> 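For reference, the structure I am asking about is given below.
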Amino acid sequence: METFQSQLTRKLSEALAAAGFPPGGEVSPATDPRFGDYQSNTALILGKKRGENPRKIAEAIVANLAVAEIFERPSVAGAGFINFTLKREAVEKKIAELLRDERLGVEKVSSPRKIVVDFGSPNVAKPMHVGHIRSTFLGDALARIAQFLGHDVIRDNHIGDWGTQFGMVIWGWKNLLDLESLKRDPVAELVRIYKATNERGTKEEAVREAARAELVKLQAGDPENYSIWKQCVDLSMQEFSKAYELLDIHYDIVRGESFYNDRLPAVVDRLLKSGLAEMSEGAVCVFFRDIPELADKPCIIRKRDGGYNYATTDLATMDYRINDLKANAIWYVVGAPQILHFKQIFAIARREGYVADFHHVSFGSILGADRKLMKTRSGENVPLQDLIEEGMTRARAIIAEKNPELVESERNEIAKVIGIGAIKYADLSQYRMTDYIFSWDKMLSLHGNTAPYLQNAYVRIRSIFRKAGAVSLPQAPVLGEPAEFNLAKRLCQFAEIVPQVLNDFRPNILANYLFELANSFHTFYEACPVLKADEPVRASRLALCDLTGRVLQRGLKLLGIDVPEKM
RNA sequence: GCGCCCGUAGCUCAGCCGGAUAGAGCAACGGAUUUCUAAUCCGUCGGUCGGGUGUUCGAGUCACCCCGGGCGCGCCA
């Protein structure tokens, strides 16, 4: 189903051709309701290019526009803008179509791609914490949206399961492990033995040495150490899975760093052989002498001691994704501090001749109320588990206060949906590059651009339908009231907004749209009684409610957020 | 020293490819409720878009230079 915007863009291009101009031209939503619903500045651009009067060009375009079925007569305004105002009948017809459309008007892309989305990537033997949530939520939302648009998406959890920390973890396992604690809270015990070993290592040279030796043994394939390592990975994955279950995050594959171990030497050999890499001070490096920005920032792919590092693993990973998984796009949802790293990796990949659409989807940090990186009072990363629990607890308290009739099981389920939704939405509704200040009060507020506000709009709709009894939705609604017309036009925009998210990886565009939709709905709700209205208005309004509910539900789901039936 | 990101209302933030008089929410103030969930809605107040120069018919948006904050820069990931 074509959107108004793409229909208009097509018509505009035809009009340009008919008027003797090169086809093309862009249409955007009107910047102000006074200018109608859509606008085009094509005449201004053409006027500039040809040195002609833009208003005259605009008149010529308008004379050739065949859009009478959808729009009122286009008007030329200002310096040469062409303004378009939707006809009521056109919107009524479109709503009728949307009511029957499972996809709510969103078309699938014409050329789907195979996209690996690399997000989350927690470290084994450490708890997931606040630092993981942006990557996890952002990556999950982008994957959901890409999938909905028809792409072939592979969600890959590139877990940190092969760091140098395993020397200490293994030494701690052999010397300090408390089996009871391990059974009770595995990751906590792994953290404890790691910390304890680290502490002793700072004082005792022998411990430091022993830990290093354990690491060497692990890397050499020692069966005992391998078995310990494997248990650490398994225990950690079990814990991650619990959190993912709660958060409704799902991966297609989990290829941690260890997966690429035996592929690392080949990466270095290949780069040395091709001359892209060279020896420097004992290490193998790639230099970027012809790229000014990277000229003085070489990338080490094999350390002087012969060990491999992050860059080597990422190069092997890219090779695997492109040659084995046959991906033609890779999205790395990783924080902004690693911008330089990915510039290097992508530069190397391009030189090697890999063709794929690489993107580092970077993002800013989550700050505490003090505007510094969010930490616990003792200065540690806030565990994800604690964050989720607090979100649910706070949501439960608010629900208990606002809606005491709910039974406890209902209340707990709703608290989960609202608490987790609030945390996710707070993240996704913000432009990803900006650092944001984490605030429970703001994200759980029923006012403003928050998950509970959107969820509440949905709940109001469900409440109407519970009272309405059996309804049959009409073929075409009547949009007599301004609030109805506005809401309907907003509903038509969903299909225009969703694909835009992937232009620059901005789920906040979708969040923003949903907020405006909820706003339009609430205005409609105040102005237009639904159940008390006479037919056919009643049925028409029920149809608007139904469609609004479905768009809200679908839109939030694309952000990874659920909706409750009551709250 | 080099590089990247950010700087928009008192606070928290939107403003993608340059478009018309820069928008929300919170806070403040004033209204609306015999309710389909007021968990809401309507209105008022609030701005040298960090500063400057330039490109353009047109700059919050692009270029360059400053200022402020954050982050990163061969052997961590």
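No hydrogens, no waters, no symmetry mates; every other heavy atom, side chains included, goes into these values. Because the structure is predicted, anything quoted here is derived from the model rather than measured. Reminder, nothing fancy here: chain letters follow the sequence lines and each chain counts from 1.
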> Could you tell me how far apart A:Asp314 (CG) and B:C76 (P) are, to the nearest whole angstrom?
16 Å

> Are a donor atom and an acceptor atom from the side chains of A:Asn309 and A:Lys303 found within less than 3.5 Å of each other?
no

> When the nearest nucleotide of RNA chain B is assigned to A:Thr434 and to A:Thr164 on a heavy-atom basis, which residue is associated with the more 5' position?
A:Thr434

> According to the Watson-Crick and G-U wobble definitions, with both distances under 3.5 Å, which nucleotide is paired to B:C71?
B:G3

> Under a 3.5 Å cut-off for both contacts, is B:A63 paired Watson-Crick or G-U wobble with anything, and if yes, with which nucleotide?
B:U53

> If B:U21 has a Watson-Crick or G-U wobble mate with both distances under 3.5 Å, name it; if not, just say none.
none

> Considering only B:C4, B:C73, B:A14, which nucleotide approaches the side chain of A:Glu293 most closely?
B:C4

> Kindly point out which of B:A77, B:G3, B:C36 is positioned nearest to the side chain of A:Gln338?
B:A77

> Expressed as a whole number of Å, how far does the P atom of B:G25 sit from that of B:C66?
39 Å

> Side chains of A:Arg263 and A:Tyr320: donor-acceptor distance under 3.5 Å anywhere?
no

> Quick one: A:Asp118 CG to B:A77 P, roughly how many Å, whole number?
16 Å

> Closest approach to the side chain of A:Met567, judged atom by atom: which nucleotide of B:A39, B:A14, B:U40 is it?
B:A39

> Quick one: which of B:C13, B:G70, B:C36 gets closest to the side chain of A:Ile437?
B:C13

> On RNA chain B, does the nearest nucleotide to A:Asn309 precede the nearest nucleotide to A:Pro529 from the 5' side, or the other way round? Give the residue.
A:Pro529

> For B:C4 and B:U40, measure between their C1' atoms and round to the nearest Å.
44 Å

> Quick check: A:Phe35 with A:Phe81 (ring centres under 6.0 Å apart)?
no

> Using purine N1 to pyrimidine N3 plus N6-O4 or O6-N4 for Watson-Crick, or N1-O2 and O6-N3 for G-U wobble, each under 3.5 Å, what pairs with B:U44?
B:A28

> In whole Å, measure the gap between the P atoms of B:G15 and B:A20 for me.
16 Å

> With a 4.0 Å limit, can you tell me whether A:Arg506 has a side-chain N or O closer than that to the phosphate oxygens OP1/OP2 of B:G15?
yes

> Expressed as a whole number of Å, how far does the P atom of B:A63 sit from that of B:U56?
16 Å

> How would you summarise protein contacts on nucleotides 19-33 of chain B per nucleotide, using B for base, S for sugar-phosphate only and - for none, with heavy-atom distances below 4.0 Å?
BBB--SSS-------

> With rounding to the closest Å, how many angstrom separate the C1' atoms on B:C13 and B:C6?
13 Å

> Tell me, please, which residues at least two apart from A:Gln344 pass side chain to side chain contact (heavy atoms under 4.5 Å, CB included).
A:Phe288, A:Leu294, A:Lys297, A:Cys299, A:Leu340

> Distance check needed: B:C5 P versus A:Ile339 CD1, whole Å only.
6 Å

> Ignoring hydrogens and geometry beyond distance, is a side-chain donor-acceptor pair present between A:Thr523 and A:Ser520 at under 3.5 Å?
no

> Ignoring hydrogens and geometry beyond distance, is the side chain of A:Lys343 in donor-acceptor contact with the base of B:C4 at under 3.5 Å?
no

> Would A:Gln500 and A:Tyr513 count as having a side-chain donor-acceptor pair, cut-off 3.5 Å?
no

> Which whole number of Å gives the distance between the P atom of B:G46 and that of B:A24?
14 Å

> With rounding to the closest Å, how many angstrom separate the C1' atoms on B:A59 and B:U21?
16 Å

> Would you mind listing every salt bridge (charged side-chain N to carboxylate O under 4.0 Å, His left out) that reaches into residues 277-296 of chain A, with sequence neighbours excluded?
A:Glu278-A:Arg289, A:Asp290-A:Arg351, A:Glu293-A:Lys343

> Within the structure provided, determine whether A:Asp562 and A:Leu556 are in side-chain contact (heavy-atom separation under 4.5 Å).
no

> What interatomic distance, in whole Å, is found between C1' of B:C67 and the corresponding atom of B:G19?
30 Å

> Using whole Å, report how far CG of A:Asn503 lies from P of B:G15.
13 Å

> Ignoring backbone atoms, establish whether A:Tyr525 has a side-chain N or O less than 4.0 Å from OP1 or OP2 of B:A39.
no

> Would A:Ser258 and A:Asp161 count as having a side-chain donor-acceptor pair, cut-off 3.5 Å?
yes

